[in-house]
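Protein chains get the first letters and strands the later ones, always in sequence-line order, with residue 1 at the start of each. Worth saying up front: this structure is predicted, and the values here are computed from it rather than measured.
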Amino acid sequence: MKSSYFPQEIEKKWQKIWEEEKAFKTPDESDKPKYYALSMFPYPSGKLHMGHVRNYTITDVIARFKKMNGYNVLHPMGWDSFGLPAENAAMKHGANPETWTDENIAYMTKQLKMLGLSYDWDREVTTCKPDYYKWTQWLFLQLYKKGLAYKKEAAVNWCEECGTVLANEQVIDGKCWRCDHVVEKKYLSQWFLKITDYAEVLLKDLDKLTGWGDNVKTMQANWIGKSEGAIFRFPVVDCDEVKEIPVYTTRPDTVHGITYLVVAPEYKDIEKLTTFENKEAVEKYRANARKMTEIERLSTERIKTGVPLGTHCKNPFTGEIFPLWTADYALAEYGTGAVMAVPTHDERDFDFAKKYNLPMKVVIQNPENPSNCENEAYVDEGVLINSNEFNGMKNTEAKKAITQKAVDGGFGEFKTQYRLRDWLVSRQRYWGAPIPVVYCEKCGIQPVPEEQLPVLLPKDVDFSVVGKSPITTSKTFVETTCPVCGGKARRETDTMDTFVCSSWYYLRYSDAKNDKMPFAKDKVNHWLPVDQYVGGIEHAILHLLYSRFFTKALKDLGLLDFDEPFKNLLTQGMVLKDGSKMSKSKGNTVDPDEIFENYGADTARLFILSDSPPSRDFDWSDAGVEGCYKFLNRVWRLIASNAENISVNVSTPKALKKENDDLIRLVHIAIKGITNDISNDFQFNTVISKYRELVNSIYDWLNKKSSLDDEDKSVLSFATVTLLKLMSPVTVHLSEEAWHELGGEGSIHSQKWCEWDENLAKASSITLVVQINGKLKDKIDVDESLSEEELKQTALNSPKIKELTADKTIVKVIVVPKKLVNIVVK
RNA sequence: GCCCUGAUGGCGGAAUCGGUAGACGCGUCGGACUUAAAAUCCGGUUGGAGUUAAAUCCAGUGCCAGUUCAAGUCUGGCUCAGGGCACCA
């Protein structure tokens, strides 16, 4: 065995062997229980960054640990490879998005292999390849047939410069991320997925996700935004065309305090509700609201504006007549697009009423300070006044009673409302999965027949066009025939949001090569749900919510039998440098290639796990990397300089000598501690500190020996070989190389995980802690077999304790067996 | 404004049930080896008082109260930081 540690050499050697032997191939059939470990797959942006390294190392260690513990582990990898950067790169360099993407995948694959990750590469999925997006399109068609995919006119983020819709993530401070042009609202006919049908079950099933952090679950719950309230219908008194206006409210108890009613500028009946005299002002206001950019909307936040429509409504509860206004603080997309305004008990209505001098009427009284609501709205609980038969009722009770009156009177009902909106999946972009639909002049919207899938991305496109999607420049793509009548038809040129592709990739890994179906039902049911999912918190809502929706929808389609995709979720923290997020603009990035080259992958793996628990942010430091590299050198020297005295037989030896017994105990303590730390929330930082403790203990033990007899050699073998096995999920190459140098058979990664003996996993004697009034005063080494009474006497007889308690009265003595004695004195 | 998460030495962090606060590492200081350096090895390192050195004592886990024989850990009230949502009626 070489006396020095040359990571670059041994890492290359083992990576080659593992690849040739397909060492990490996962069979579908096995008599072992299954375990599915998954990292969120990357976008092939060009190079791995440290966030990837952290993510994949965490999952890899979990996968290897589970494998050594007797599981048949599925640990796959793939590419979320559709998306804007490829298309932008193509436009900029005149290249093709496909070429750009393929090159990036090739480079990043090489990097992943250099990290020594245990992927089953035979299951690799790439979302931009036809053998994958064929099934994305197929799934879209199934959703369409079920009524879960539909087309409607909607307000979207529009960049005039690029001539295309942008995703919300692509709007930065109200501007287009690419050309810096101001983004505006535009009304376009777009494809949506009906995620709102699943709002209730998506919310309710969060309770089932006991393996998810509360932070993620709360974010999803807030996003879904369930609220309980009522719909009231207000008759319009002076408009022939519109009979009534429905309003959603969570405060039915304040209904007697309405003094006006607001509709959104985009409200569907607004033109009909506007009188001739008010037409000009309303039109002007609406045009202005339409033109308003994100920036202006943000900057005018809370300064409310509006104009009256000139028409009026009647309050069915009071008979009062009040005016109708339009104001942009009413949102067209939420509730009914109309709001009943109660200035006295709603802050927004209060601001608006103050500004336009609208009347106010108090209907809820603050029990402690009967407020007249002159300076602010009273929004807390109280007792109803000015509310006819409901006077004196507590407002919490009145909510139900008042809604019930509306139900009985036929002008309202109970209503549960969600904030969640349907998912807009259309993109006016080339580099995405084409939406498999055609438009026929006679037959209208027609889905592409399944046997014609995939709808391939065309090659004859001009990427230099400005103001429209490059895909529209392909004649061969756009012009087609109707699958029903055979007549002339136009193909849908919108492609799907990449989040659609990533909403089902984890299912495809169970049956990645299937060319008849997206996945076979028995395989997907066998492997799923994912036992451990690992990824960044930035996906807390989007990807994780969409995937949950897909799983539930696909279950309802009969394609699978489970209703949640990810049993346990670990959201890893960010990788920081000098306290701030690594970014190119700050110039504080660390290139993984340089780390591999200078220190090797094992050092990188060890370091990225060492300093912080996985869920917390991790501050990268060059000194820390250096420290880990030194530690691996120290481990290497320990093995190499004693190799002739070490054999790979790892059963616990019999020790006659005290110091040998002590070392054996320390090894068992390490096995127990490390196993528990991994099992309990993957606390790899403490796992690594335990590696170091064990190495320190072995060196201490060696330093006291001038020569080694047979017993010593077997104890040393046990300690060092156990160390290698415990380290093998993390330092994958070093452990494998040392294992083989010591004469180990097969791969160390196929060995059984170490077991500990509970009787040996503790010190041979215990330290009794003696406190006086809860403060530490003495420590005494005692035999663990002592009874409580004996412990008490030992403590009281300690010379030090005797001295300290000499002039005091002992009130009470508390004995915690095998641990401590607390003497309470006065 | 609302919601979530967090706060422990110079730094990252450790501390199953309430039971020795600061494991392990980084940094730093001192020593050994060396002509010298690197590498390596050994030792100190929460603050303060004390001593030639020690012993020893006091304070200490963001702040203020409380429960308890005993609180980093439990309860109530704050402060600050990070993240998310934000006119959702």
Between atom [atom1] in [X] and atom [atom2] in [N], what is the gap in whole Å?
X       : N      : atom1 : atom2 : answer
F631(A) : U40(B) : CZ    : P     : 13 Å
R251(A) : C87(B) : CZ    : P     : 20 Å
L576(A) : C26(B) : CG    : P     : 21 Å
N222(A) : C85(B) : CG    : P     : 10 Å
I608(A) : C26(B) : CD1   : C1'   : 16 Å
N633(A) : A38(B) : CG    : P     : 17 Å
L609(A) : A14(B) : CG    : C1'   : 17 Å
D611(A) : G13(B) : CG    : P     : 8 Å

Look at the side chain of [X] against the base of [N] and say whether a donor-acceptor pair falls under 3.5 Å; ignore hydrogens and angles.
X       : N      : answer
K304(A) : C87(B) : yes
N822(A) : C69(B) : yes
E347(A) : G1(B)  : no

Counting heavy atoms from C-beta on, name the nucleotide in [options] closest to the side chain of [X].
X       : options                : answer
K779(A) : A89(B), U20(B), C42(B) : U20(B)
R634(A) : G25(B), C41(B), G84(B) : C41(B)
N685(A) : U40(B), C69(B), A14(B) : A14(B)
T249(A) : A89(B), U56(B), C69(B) : A89(B)
L776(A) : C4(B), C41(B), U20(B)  : U20(B)
K819(A) : G13(B), C17(B), C69(B) : C17(B)
R419(A) : G13(B), A86(B), A89(B) : A86(B)

Item to complete: Describe the nucleic acid contact of V769(A) in one word from base, sugar-phosphate, nothing, applying a heavy-atom distance below 4.0 Å.
Response: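 Base contact.
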Discussion item. What contact category does A330(A) fall into here, base, sugar-phosphate, or nothing, at under 4.0 angstrom with non-hydrogen atoms?
Written reply: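 The residue A330(A) makes base contact.
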Is any NZ, NE, NH1 or NH2 atom of the basic residue among [X] and [Y] found under 4.0 Å from an Asp or Glu carboxylate oxygen of the other?
X       : Y       : result
K415(A) : E228(A) : no
E659(A) : K704(A) : no
R286(A) : E266(A) : no

Worksheet entry | K304(A) charged N/C atom sitting above Y329(A) aromatic ring, 6.0 Å / 45° |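 Pair K304(A)/Y329(A) counts as cation-pi.
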Worksheet item: Okay, side chain of E790(A), backbone of S787(A): is any donor-acceptor separation there less than 3.5 Å?
Response: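 Here the side-chain-to-backbone pair exists.
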Worksheet item: Since syn is defined as within 90° of 0, does C17(B) count as syn or as anti?
Response: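 That one's syn.
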Worksheet item: Given that both distances must come in under 3.5 Å, which nucleotide forms a Watson-Crick or G-U wobble pair with U75(B)?
Response: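 Result: A65(B).
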